[in-house]
Each structure stands twice: as structure tokens, then as C-alpha cells.
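Order of the sequence lines sets the chain letters (A, B, ...), proteins ahead of strands, with each chain counted from 1. Note: hydrogens, waters and symmetry copies are ignored here, and every other heavy atom, side chains too, is used.
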Number of protein chains: 2
Amino acid sequence: MKIDPNSSADLSVQIAQAIKDAIISGELIVDERLPSEAELSDHFQVSRPTVREALKRLAAQSLIRTQRGASGGAFVNRLSFEDAYAQQVTTSTLLLSMNEVSFDTACEARYALERACAPLSAARRSADQLATMRAEIFRQGQPGLTDVAFCASDVAFHRALVDGAGNPVLSYQLAGAVEAMQPLMNMITFTARDRAVITGLHTRIADAIEAGDSGAAVAGLQDLEDETRKLAADVFAARAAP
Amino acid sequence: MKIDPNSSADLSVQIAQAIKDAIISGELIVDERLPSEAELSDHFQVSRPTVREALKRLAAQSLIRTQRGASGGAFVNRLSFEDAYAQQVTTSTLLLSMNEVSFDTACEARYALERACAPLSAARRSADQLATMRAEIFRQGQPGLTDVAFCASDVAFHRALVDGAGNPVLSYQLAGAVEAMQPLMNMITFTARDRAVITGLHTRIADAIEAGDSGAAVAGLQDLEDETRKLAADVFAARAAP
DNA sequence: TAGGTTCTAAATGTCAGACTTTTAAATGTC
DNA sequence: GACATTTAAAAGTCTGACATTTAGAACCTA
């Protein structure tokens, strides 16, 4: 682990990069303890606050974790799917909210990816995942449900569908696509009729998944995408010309 | 922006979270300048190094950028697709390398997602993206190409295919799935015959994309997935029983 | 007056050293 | 042997200072 004394970049950035490279290259392995802050500051010839800033950068990316006390220190962190999920969701959400991504673009991406999961889910979903889908459909039919709660249930339904594929990598990749849509969906007002149509499609999809009919599941998702985009278009049209 | 004085969490974590919340909620908008470090340390009643650690955490996630000098400071950063790509790729790569994800699982996820892009790409790809695909196929046929270079070209081919869908959200989501496979692919030794089969399939896919034939493109990707998994299985079998 | 130069102040970047808190392990006691 | 106590190591935090960068103001000069 070396830094370039001639570089113009901030020291804490360079040090963070050096450690990150060591982790990626396998020079530092999972659960290995890094040298203490004092040792690192000695090694890189910088002060301890500078080393600490570098470590905080890595901690923010879940690359390391720190422990206080004797035999404490910074340890290379095993990046868990859970941590990665969370990062993926916040990054995707911010990306969408800060870049004026159109509803259609986000929606197209989400459903394209979800349709990719449908055949796997139809073949492999557990009874538990199917039960979750049914439970969410039931919840969506309850009277008095707020729009926000309806959207949250919608996300939960789709999460179960994706998880049904039994492929954690797929679940991780889709987490962002599905959850980041929620703020966009929250802009829509769902009438009782809209909800009935959506839950009807959800039922169709769940039935197809239960029957192992991947074609029907894909078709159901296609119709749901069309319906969602139509709803959104109506909302935006109504706002443009009140 | 407030922090809880009774919380046991580290101060820099709390402060980073408070600022992050303010950004996500829209309280702080893109390109807005945060208070100076001195003002923040005054506001939160902590020292400047603590504030700085919090800011470094946010900078590591590309949520803010800092500028030195007069009228400098920390600014809310517009999360660009480029930044998000990069994060997505490193996170996915580490996730795969640290969690003993099987080749098959990663491969299945990657091709499932890629097949989702194929119909859009067949309909929309630009001439430029098609040319990139052709150029990479040509490169893959060159003699003397190392296995690593062959894999890199493979990734470039697939990136062009995905970008052909013309949906930046989709490109972002797939960046991780496609690029994170590269280290896994690098474990495979490609014989001349293997390469011929793969480039043949690439040609089939490119032809289908050019012709706008989404069914053929999906079928080509399916065959490519099967071929890739067969190759990997052979490699692992050979290693298990030498 | 136009245009370049120098100065200045504000802000981040870095450093040194000290103190606080947490925690595991060594030590001591019954 | 089990439990309490001490100890030391390490991260967390604070104070205060100095270095460096940079935009803009003030100042000259042609």
C-alpha cells in the first residue's frame, strides 16, 4: 500500500484508494484487521485525523467496519447482500430524483427487468413467497388504505415476485429498480377503480406464478406496465391542463 | 437538521445521516451550498474534525462535493449516471467476490437481465452502437488476443447491446451485472474453438439486433448463456478431477 | 476607462497533541 | 475454578494551530 507524494489529490482520498485497491486485489482479505490508526498514520506519513477521514470514506461504502476497545480496529467487511441492497436502493432513488428521469423511462426499465425474473419465479418460487404475494394483494383490497400504503404494498408484492426467482444476485440488482420507483408512484392518486384493476392484474400474475405458467406471468406484467403508464400519463395530462 | 444527544451512535455517523436525510427529503437541493465546516460544528455542537468525518462519509457516496478556497465549501452533488455506474460496478464486483456466489447464479442473473434488454435494443439501437458491437466481434477474432483482453471485449460487446436499449436507467442497472462477471469469466481459459463458438453467437445476436428481430436476439442470448455455463462447468470439473 | 496585478479573506486541507470511552485480556482474590 | 479488578490498547472526540487554495475586491498602470 503506497501513495504518490506528488499527486495533487487529497491525502485522505489517496489513502482510501490505496486501501480499497488492497481489498479489491485480495491483498487484504475479509475479516482481516487493518493496522491501527496510529500505525497507518505512521506508515503513510500523515496525521491521524487524515487517516481517520480515509477510513470513514471506506466505512461509508461498507468496505470496512470499526470496533473500539482493546483488540479493536478496522476490519475488512464482508459486503453482505443486505448492505448492498440498501446502497443500491438509496443510490437508485437519488439518481431518479436528481436527474429528471421520466416516469416512462424508469417504468420501462423496471418492468423489463421484472419480466426477466418472471420465468424463474414461476419455476422456483417457494410457498412462502407465493403467500406473501397473496397477502399483499389482500392488503391492497382493504378499504381505507392510503395511497402511500398502497404503493408500499405494491413494492412488497413485486419484491416477493423477484425474490421468487431464488437468485440473490438478481434480487440485489432489482432492488433498486423496484424500490426507486416508489417515490414516482407516490405522485399518482389511485382511485378505487384503478386499485381494482391493479389488484386484478396482481392476482392474474400470482395465479400464473402459482401455476408455473411463465408466459402468462410475463403477459400479466406487460399489461401491468401498460396500465401503470396509462395511469401516470393521465395524471401528468391532468396537471398540465387543469 | 438535528441529532439525538442520547443516541449511542458515533457523532459523525449521526451528522452524516442528518445531512443525508435533508438531501433525500429535498430540504437541501442540488448544487446548494452546505454551511461551512465551522458553522456545522457550531450548529451540531461538535468539533470540526467530527464534522469533517461526516462530510467525508457523504463525499464517499457522491452525495456532496467539496471545493476549497473563498466561496468554496460543500455542495449537494447531482448524482450522475456515470458516478452511479462506477459505484454499481465496484459494489457488484465485491459482492460477488466476497460471498462465494456460484458462477451459475451470477451467470443466470446476468443473462436474464440482458435478455430483458434485447427487445428494446433490437427496436432502438443506434448505428453507432451496432458498429461498436461489430468492432468488438472483429477484435475477438484477432489471433494473439489474451484471455483477459477477450473477456474485456466481451464485456464491451454486451455493454453496447445494453446501451442499445436507449434507456439510461436500464444501462445503469445492468452495469453491475455485466461488468461484475468479468473476474469470474477471467477464470476460464478460452480455446480457439471456444472463441469461435462465442464470436459466432455474438454475430448471430448482432445480426438479430440489426434486423430488429427481438426473438432471434433473445434466442441467441439464451444459447450464449448455455454455452458459457457449459464452458465454466468444464473448467470446474477439470479442476476438481485433474 | 479598460485591463491586468496584487492583496485579502474565507474556506477546506493538514497537522500535533491531548483527553475520553470502550473493550478484551491479564491479573488478582476468594 | 469462578468472579471481581486492573490494565492497556484502540477508536472516538476535542482544541488550536498552520498551510493551501481560490474568488473577489482593491489597486495600479497604460
Using the side-chain heavy atoms of [X], tell me which of these nucleotides is nearest: [options].
X       : options                : answer
B:Ala70 : C:dT14, D:dG12, C:dA9  : C:dA9
A:Leu11 : D:dA19, C:dT14, C:dT22 : C:dT14
A:Ser47 : C:dT14, C:dG13, C:dA11 : C:dT14
A:Glu53 : C:dT14, D:dG12, D:dC14 : C:dT14

Legend entry - Of B:Arg33 and A:Pro49, the one whose closest DNA chain C nucleotide lies more 5':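 Checking each residue's closest nucleotide, the 5'-ward one belongs to B:Arg33.
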Legend entry - Residue mapping more 5' on DNA chain C - nearest nucleotide basis, A:Ser12 or A:Gln67: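 With A:Gln67 and A:Ser12 compared, the 5'-side residue is A:Ser12.
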Please determine whether a side-chain nitrogen or oxygen atom of [X] lies at a distance below 4.0 Å from atom OP1 or OP2 of [N].
X       : N      : value
A:Thr66 : D:dG12 : yes
B:Ser71 : D:dA23 : no
B:Arg52 : C:dT12 : no
A:Thr50 : C:dG13 : no

Measure from [atom1] on [X] to [atom2] on [N] and round the result to the nearest Å.
X       : N      : atom1 : atom2 : answer
B:Glu39 : C:dT12 : CD    : P     : 8 Å
A:Leu58 : D:dA11 : CG    : P     : 14 Å
A:Asp10 : C:dC15 : CG    : C1'   : 15 Å
A:Glu37 : D:dT13 : CD    : P     : 11 Å
A:Gln14 : C:dT14 : CD    : C1'   : 13 Å

State whether a side-chain donor-acceptor pair under 3.5 Å links [X] with [Y].
X        : Y        : value
B:Ser171 : B:Asp163 : yes
A:Thr91  : A:Gln88  : no
B:Ser92  : A:Tyr172 : yes

Inset, instruction - Just name whichever nucleotide pairs with C:dG17, Watson-Crick or G-U, keeping both distances under 3.5 Å, else none. - result: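 WC or wobble partner is D:dC14.
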Inset, instruction - Quick one: look up who C:dT29 pairs with, Watson-Crick or G-U, both distances under 3.5 Å, and put none if it's unpaired. - result: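 Answer to the pairing question: D:dA2, which forms a Watson-Crick or G-U pair with C:dT29.
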Legend entry - B:Arg159 to B:Tyr85 six-membered ring, cation-pi geometry met (6.0 Å, 45°):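 Ring-cation test returns yes.
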Legend entry - Check: B:Arg139 side chain, B:Ser153 main-chain N or O, donor-acceptor pair, under 3.5 Å: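 Side chain of B:Arg139 to backbone of B:Ser153, a donor-acceptor pair under 3.5 Å: no, none is there.
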Inset, instruction - Tell me what A:Arg65 touches on the nucleic acid: a base, only sugar-phosphate, or nothing, going by heavy atoms under 4.0 Å. - result: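 Nothing: the residue A:Arg65, judged by heavy atoms under 4.0 Å, touches no strand.
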Inset, instruction - Using only heavy-atom distances, decide whether a donor-acceptor pair under 3.5 angstrom links the side-chain of A:Arg68 to the base of C:dT21. - result: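 In this structure, the two groups form a donor-acceptor pair.
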Inset, instruction - Could you tell me whether the side chain of A:Arg48 has a donor or acceptor atom within less than 3.5 Å of a complementary atom in the base of D:dT13? - result: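 Between D:dT13 and A:Arg48, which were checked side chain against base, a qualifying N/O pair under 3.5 Å is present.
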